[in-house]
Amino acid sequence: ELLLSLSIPLFLKVPGSSSSSTFQFQVHSSRFKVQDPTKFRMVRAAVTTLLLLLLAVTHGVGHAFGSQALGIPTDAQVQWASDGYGAFIHFNMGTYVSDGGGCNVQDMRKDKRQAQGLDPNLFNPTSLDTDQWVRLIASYGGKYAVLTAKHNCGFLLYPSNTTLPDGTRFNYSVAQSQWAGGQGDVVASFVASCHKYNITPGVYFSLASSAVFDVGGNQVLKSQLVPGQIRVTQAQYEAINLAQLEELWSTYPSLSEIWFDGGFSPTIELRLKALIAKYQPSTPALNGYGITKNPLRWIMNEAGHAPDENWSTGSCCNGQPSASSMCASSDKVPGGVADSPDFCPSECPFTMQNGDTWFYSSKAGVHTMAELQTMFHQTVGHNCNPILDFGPAPSGQVTSLQAAQYTAFGGWITACYGHPAAVPSGAAPWVLPEANTLMLTLPTGVAVDRVWLAEDVRTGEKVRSWAVLDGNGAVLTKGTSMGSHKIAIWNGTAVGPTLTLVVNASTMATTPVSIAQFSIFAAASCV
């Protein structure tokens with residue numbers, strides 16, 4: 001005797017929809033008898049096949065339409081994102097071979113000044129002051145700093161004991177320069193200054209370009225060499241790079257950030273991954289997807305701008321290593337992907353000097369305060385950590401023009417966002433109730449026109465949209481992504497006595513939304 005009564009729930013998430021729908025597939029049959037044992041087994045097998053088929057369809061549809069879990073950050077990614085903003089320092093042989101542009105391997109054969117940069121003695125800062133550099137970073141409010149330990153010239157700011165293919169010592173670093181009698185170490189001085197002023201040091205190391213080895217785009221170019229360049233094979237270049245990284249990373253563990261400008265060659269991916277796991281397992285790495293558990297993504301421009309909708313997940317080369325050709329498709333979504341399982345926060349590089357000028361220039365000038373304020377609101381305000389560059393002069397010190405603007409910008413940040421007019425009662429983070437609301441009370445007689453929001457993303461980025469309502473329930477401002485930082489400014493002043501934050505959470509969230517910051521600021525402070 002066989003009774004069939006089957007009911008299977010099927011969860012469907014329609015693309016573009018914020019919610020899931022549940023459907024019940026039901027199969028009913030009246031009670032009936034099968035006297036023949038062979039026929040009974042056939043009927044039972046058919047029912048079993050139907051059950052397995054429906055279960056497979058359920059699983060397949062759910063998988064196809066995004067039933068994956070939220071992307072969960074590592075502790076290192078959470079710390080990096082909460083730091084908010086950092087500093088970039090472009091100082092290397094590029095400081096001496098051009099007015100702001102650095103080295104270009106293609107120019108070595110036609111530009112006499114560029115070619116002179118192949119002589120390590122050209123590097124000679126007469127009054128290097130890394131304390132001055134880091135004091136500027138602290139005055140701006142930066143929490144971390146990244147130094148160009150090796151830029152496109154291939155020159156190292158630290159002495160290296162690595163060897164060339166002929167067995168001789170690598171001869172293009174501070175150890176071969178006239179500076180400090182060949183005994184200096186810019187990286188060591190920089191790291192010591194960072195520790196002195198409570199700034200976390202990081203390093204930029206160009207794998208993609210090296211003028212001294214005739215390398216561009218991660219490949220040995222096999223050009224006709226000029227005096228000072230060194231002929232190597234692709235395999236020899238990669239082995240030298242890895243040995244120099246091992247020197248650097250083993251000497252300075254727990255860096256704030258590693259920069260791979262231009263990515264890396266696929267042929268060194270596994271070896272690079274092993275080095276990071278050994279020496280820098282908790283260090284975030286820009287363009288490091290596939291080789292570290294702490295990847296960061298470039299925002300796809302150097303203009304100090306992130307999209308208003310900018311998620312902390314997705315756009316990490318579609319799950320491929322940064323060197324993969326798959327990265328090209330990620331260019332289409334610089335603002336990330338809301339439901340991606342890959343947590344990969346963004347960084348926004350920007351120069352203090354005009355014209356996207358990274359190394360010191362005697363002619364570039366600096367960005368106006370209005371331009372810097374706009375940059376701040378379109379980076380920090382759009383869930384993207386800005387990394388603001390300055391270029392020390394050949395002397396090794398930052399010019400008064402750059403230094404004064406850096407300090408003034410830090411003063412504006414403190415004046416505008418250092419002292420909130422109102423925050424919710426109790427201690428952050430605030431775990432939201434089922435209604436997903438959080439309220440604060442405005443002080444009497446204070447005109448406020450902006451809000452700084454932050455989600456506690458330790459258990460994933462859950463907020464999919466949000467709004468701030470005034471005391472009458474009118475919407476003052478609203479948006480989609482929030483992430484670790486969101487600044488919004490509205491026209492006019494708010495009507496109190498309360499303001500309410502309302503959020504809509506992802507359907508994939510399994511725990512309540514937690515808000516790390518809901519701060520209201522006075523308009524008058526930001527003039």
Between Phe205 and His151, is the gap from one ring center to the other below 6.0 Å? no

Stepwise, does the side chain to side chain contact (heavy atoms under 4.5 Å, CB included) test hold for Phe359 with Asn92? CA-CA 8 Å; Phe359 285 96; Asn92 201 291; 4.1 Å; yes

Donor-acceptor under 3.5 Å (Tyr96 side chain, Pro394 main chain): yes

Using the rule given for side chain to side chain contact (heavy atoms under 4.5 Å, CB included), can you reason through Phe88 versus Leu388, listing the C-alpha separation, both sets of side-chain angles and the distance that settles it, and then say yes or no? CA-CA 6 Å; Phe88 220 157; Leu388 180 60; over 6 Å; no

Pair up each side-chain donor or acceptor in residues 423-445 with any protein partner under 3.5 Å, not counting sequence neighbours, and list the distances.
| residue | atom | partner | partner atom | Å |
| --- | --- | --- | --- | --- |
| Trp430 | NE1 | Ser425 | O | 2.9 |

Which residues pass the side-chain hydrogen bond (donor to acceptor under 3.5 Å, both in side chains) test with His90, sequence neighbours left out? Asp389

Of all heavy-atom pairs linking Tyr140 and Ile413, the shortest is O-CD1, 3.8 Å

Please check if the distance between the ring centroids of Phe91 and Phe123 is under 6.0 Å. yes

As an exercise, state the distance from CE of Met300 to SG of Cys348, rounded to the nearest 0.5 Å. 11.5 Å

Would you give the length of the straight line joining atom CG of Asn383 to atom CD of Glu309, rounded to the nearest 0.5 angstrom? 11.0 Å

Is there a donor-acceptor contact under 3.5 Å from the side chain of Ser82 to the main chain of Val78? yes

Heavy atoms only: give me the nearest Val97-Cys103 pair and the separation to one decimal. CG2-SG, 3.8 Å

Pair Ser340, Thr313 - check side-chain hydrogen bond (donor to acceptor under 3.5 Å, both in side chains), show working. CA-CA 6 Å; Ser340 169; Thr313 52; 5.2 Å; no

How many angstroms lie between CG in Leu128 and OG in Ser189, if you round to the nearest 0.5 Å? 5.5 Å

Answer yes or no: is there a donor N or O on one side and an acceptor on the other, between the side chain of Asn287 and the main chain of Asp261, under 3.5 Å? no

side-chain hydrogen bond (donor to acceptor under 3.5 Å, both in side chains) for Lys293 and Ser282? Distances and angles first, verdict last. CA-CA 8 Å; Lys293 61 183 180 180; Ser282 298; 5.3 Å; no

Name all residues meeting the side-chain hydrogen bond (donor to acceptor under 3.5 Å, both in side chains) criterion together with Asn301; count only those two or more places apart in sequence or in a different chain, and write none if there are none. none

For His377, enumerate each residue passing the side chain to side chain contact (heavy atoms under 4.5 Å, CB included) test, keeping only those at least two apart in sequence or located in another chain. Trp412, Tyr417, Arg450, Ile487, Ile489

Would you say Lys150's side chain and Ser206's backbone share a donor-acceptor pair under 3.5 angstrom? yes

Is the backbone of Gln132 close enough, under 3.5 Å, to the side chain of Gln397 for a donor and an acceptor to pair up by distance? no

Is there side-chain contact between Pro307 and Ile299, with at least one heavy-atom pair below 4.5 Å? yes

Working to the nearest 0.5 Å, report the span between CG of Asp449 and CZ of Phe521. 11.0 Å

Got Lys486 and Asp308 here, is their nearest side-chain heavy-atom distance under 4.5 Å? yes

I would like to know whether Thr379 and Asn385 meet side-chain hydrogen bond (donor to acceptor under 3.5 Å, both in side chains); could you show each step before the answer? CA-CA 6 Å; Thr379 55; Asn385 279 24; over 6 Å; no

Donor-acceptor pair, Asn218 side chain versus Gly262 backbone, under 3.5 Å? yes

Would the distance check show the side chain of Asp185 and the main-chain N or O of Val187 forming a donor-acceptor pair, the cut-off being under 3.5 Å? yes

Is Cys344 close to Pro295 at the side-chain level, that is, under 4.5 Å between some pair of heavy atoms? yes

Under 4.5 Å between any side-chain heavy atoms of Asn354 and Glu371, yes or no? yes

By side-chain hydrogen bond (donor to acceptor under 3.5 Å, both in side chains) - contacts of Gln378 (at least two apart): His305

Is there a side-chain contact between Leu476 and Leu499 (heavy atoms, below 4.5 Å)? yes

Do Pro420 and Ile520 have side-chain heavy atoms sitting under 4.5 Å apart? no

Is a side-chain N or O of Thr414 found less than 3.5 angstrom from the main chain of Gly418, in a donor-acceptor match? no

Just wondering, do Val380 and Trp452 contact through their side chains at under 4.5 Å, heavy atoms? yes

Kindly write out the residues that satisfy salt bridge (Lys or Arg N to Asp or Glu O under 4.0 Å) with Lys478, not counting sequence neighbours, or none if the list is empty. none

Euclidean distance, Ile276 CD1 relative to Asn294 CG, rounded to 0.5 Å: 9.0 Å

Evaluate side chain to side chain contact (heavy atoms under 4.5 Å, CB included) for Arg297 paired with Glu347, printing each intermediate quantity in order. CA-CA 6 Å; Arg297 76 177 194 271; Glu347 187 164 46; over 6 Å; no

SB check Asp75 Arg458 (cutoff 4.0 Å): no

Counting distance only, does the side-chain N/O of Gln353 pair as donor-acceptor with the main-chain N or O of His367 below 3.5 Å? no

CA sep, side-chain torsions, deciding dist, call: Leu286, Tyr204, side chain to side chain contact (heavy atoms under 4.5 Å, CB included): CA-CA 9 Å; Leu286 189 84; Tyr204 170 116; over 6 Å; no

Is there a donor-acceptor contact under 3.5 Å from the side chain of Asp83 to the main chain of Tyr85? no

For the pair Lys196 and Asp131, find out whether any cationic side-chain nitrogen is under 4.0 Å from an anionic carboxylate oxygen. yes

What I'd like to find out is whether the side chain of Trp80 reaches to under 4.5 Å of the side chain of Glu257, using heavy atoms alone. yes

Met352 CE to Thr399 OG1 distance, which is reported to the nearest 0.5 Å: 10.0 Å

Between Phe390 and Trp133, how do the two ring planes meet: parallel, tilted or perpendicular, split at 30° and 60°? perpendicular

What do the steps show when you test Arg135 against Tyr197 for side-chain hydrogen bond (donor to acceptor under 3.5 Å, both in side chains), and what is the final call? CA-CA 7 Å; Arg135 283 195 303 271; Tyr197 294 99; 3.3 Å; yes

Would you call the rings of Phe409 and Phe376 parallel, tilted or perpendicular if under 30° counts as parallel and over 60° as perpendicular? perpendicular

